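Bear in mind the structure is a predicted one, so any value in this text is a computation, not a measurement.
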Amino acid sequence: MSTVADRYAEIQELGIEVLGISTDSPYVHKVWDEEEISHMVDGGVPYVLGSDAGGRLGELFEVYDEEGGVDVRGSFIIDPDGVLQAFEVLSPAVGRNVDEVLRQIQGYQMNRKTNGAEAAPAGWTPGKQTLKPSDELIGNVWKTWKVDEAR
């Protein structure tokens with residue numbers, strides 16, 4: 001949460017909205033923001049924190065832990081049409097990588113902007129070579145794209 005809060009302006013520049021959802025109440029969110037996040041990021045959490053009391057949204061996204069009564073940590077990329085494009089669910093032992101989420105969003109945006117004419121290969125970052133999906137590309141990716149180009 002703190003890394004997303006810290007990079008929120010950058011995220012908004014991409015035209016993205018962030019929602020932080022948990023089974024905690026709005027009161028717990030307020031205390032968490034005031035007593036924890038605001039000490040790590042000036043101004044605290046700048047995006048909406050929503051309460052999934054009872055885990056209904058977590059059940060829909062299949063991240064609700066009924067025994068623990070909590071939603072497991074996850075990141076979900078939903079496109080402007082409401083279609084889930086990507087998701088990542090992690091146990092508490094490992095935090096999310098905002099750089100990777102941003103890279104994925106930029107890849108989906110590039111693909112959408114080109115109406116599917118360009119796709120982001122593994123490790124792609126903005127400005128790097130894209131792939132141009134076609135029947136001719138099938139079995140010939142190796143002629144167009146090299147693994148070391150993603151580094």
Taking the side chain as every heavy atom from C-beta outward, state whether [X] and [Y] have any atom pair closer than 4.5 Å.
X    : Y    : answer
R73  : V63  : no
I11  : E17  : no
F76  : F61  : yes
M110 : W124 : yes

Considering all heavy atoms, the nearest [X]-[Y] contact:
X    : Y    : value
P133 : A117 : CD-O, 3.4 Å
A122 : W145 : O-CZ2, 3.4 Å
S51  : D24  : OG-O, 2.7 Å

Q. Does anything in residues 101-119 pair up under side-chain hydrogen bond (donor to acceptor under 3.5 Å, both in side chains), and if so which pairs, sequence neighbours excluded?
A. D81-R112, E100-R103, E100-Q104, E118-T130
Linked, directly or transitively: [X] and [Y] (ILVMFWY side chains, under 4.5 Å):
X   : Y    : answer
W32 : L49  : yes
Y64 : L57  : no
I21 : I77  : no
L19 : L60  : yes
V4  : I105 : yes

How many angstroms lie between [atom1] in [X] and [atom2] in [Y], if you round to the nearest 0.5 Å?
X    : Y    : atom1 : atom2 : value
L137 : L131 : CG    : CG    : 5.5 Å
K30  : S25  : NZ    : OG    : 11.5 Å
L102 : T125 : CG    : OG1   : 12.5 Å

Q | Heavy-atom neighbours of K132 NZ exceed 12 at 6.0 Å | A | yes
(Q) Can you tell me if E66 has over 12 outside heavy atoms packed within less than 6.0 Å of its CD? (A) no
Using modelled atom types only, decide if a donor and an acceptor are shared between the side chain of [X] and the backbone of [Y] within a distance under 3.5 Å.
X    : Y    : result
S75  : E88  : no
D33  : V45  : yes
T23  : G69  : yes
R96  : G74  : yes
N140 : K143 : no

Q. Is R7 paired with E10 through a side-chain N to carboxylate O contact shorter than 4.0 Å?
A. yes
Q: Return the orientation label for the Y8 and Y47 ring planes: parallel under 30°, perpendicular over 60°, tilted otherwise.
A: tilted
Q) Does the side chain of S22 pick up a donor-acceptor pair with the side chain of H29 at under 3.5 Å? A) yes
